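Reading through the structure tokens given below for one structure.
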Amino acid sequence: MTDSVERLYQAVLTARDLDPGTSRTARLLRGGSGKMAKKLAEEAIEVAIDAVNGDREAVIRESADLIYNLTVLWASAGVHPDDVWNEMSRREKLFGIAEKLPKSTLKLAKPATSRPERRPIAAIDGRAAMEAGTTFKQR
Ligand SMILES: N=c1c2ncn([C@@H]3O[C@H](COP(=O)(O)OP(=O)(O)OP(=O)(O)O)[C@@H](O)[C@H]3O)c2ncn1[C@@H]1O[C@H](COP(=O)(O)O)[C@@H](O)[C@H]1O
């Protein structure tokens, strides 16, 4: 399977220099990342819908379109298929199967508090403050 994707990736790289009028890939690459991302998302949704509908043949066809659009997006983003296979191998070595970091290990890491500790917010009663001579600005 990785050979097929590698051949497709090379064909996509070649198509970059083709006439957009005749090459869909050339047209897609020139359309920019937004267009490529939109097509990729559309294909992913088509695969999901076909799977929910139990249409195995359509899942196969749309999966090929999804992989095609993903490969085009990789090419535009400077990602080589080997970069993805290497990441999957790294995960496999770590966890036995290609998956994301288990959430349990994430819980161990103290979440980075990007926000400074917030000052306690005191509820100020405007009338009481005025009686006490404190200026209280309405927000
Ligand atoms: N592997 C593919 C491939 N898979 C899918 N597609 C195109 O992606 C479309 C599927 O996406 P959609 O469902 O959105 O189809 P669509 O709605 O009709 O297309 P648009 O409305 O987006 O134009 C198909 O109609 C195909 O035209 C592909 N187009 C090209 N390739 C390969 O890419 C290389 C470059 O081909 P060119 O683009 O023809 O230069 C060659 O190796 C091709 O075999």
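Residue indices begin at 1 and follow the sequence shown. Just so it is clear, the structure is predicted and the values come from calculations on it, not from any experiment. Each ligand, and each atom within it, is numbered from 1 in the order the structure gives.
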Hey, does Glu43 sit under 4.0 Å from ligand 1 if you only count heavy atoms? yes
Just need the protein heavy atom nearest to atom 25 (O) of ligand 1, so name the residue and atom and give the distance. Arg24 NE, 4.6 Å
Between Val72 and Met36, what is the shortest heavy-atom contact and its length? CG1-SD, 3.7 Å
In the protein, which heavy atom is nearest to atom 40 (O) of ligand 1, and how far is it? Ser23 OG, 2.6 Å
For atom 29 (N) of ligand 1, find the nearest protein heavy atom and state the residue, atom name and distance (0.1 Å precision). Tyr68 CZ, 3.5 Å
Just need the protein heavy atom nearest to atom 38 (O) of ligand 1, so name the residue and atom and give the distance. Thr25 OG1, 2.5 Å
Closest protein heavy atom to atom 41 (C) of ligand 1, given as residue, atom name and distance to 0.1 Å: Ala11 CB, 4.2 Å
Roughly how far apart are Leu66 CG and Leu40 CG, rounded to 0.5 Å? 5.5 Å
For ligand 1, does Thr14 get within less than 4.0 Å through its side chain, its backbone, both, or neither, judged by non-hydrogen atoms? neither
In terms of residue, atom name and distance, what is the protein heavy atom nearest to atom 17 (O) of ligand 1? Lys39 NZ, 4.0 Å
Does ligand 1 have any atom sitting under 4.0 Å from a heavy atom of Asp65? yes
SB check Arg61 Glu57 (cutoff 4.0 Å): no
Heavy atom of the protein closest to atom 32 (C) of ligand 1 (residue, atom name, distance): Leu8 CD1, 3.8 Å
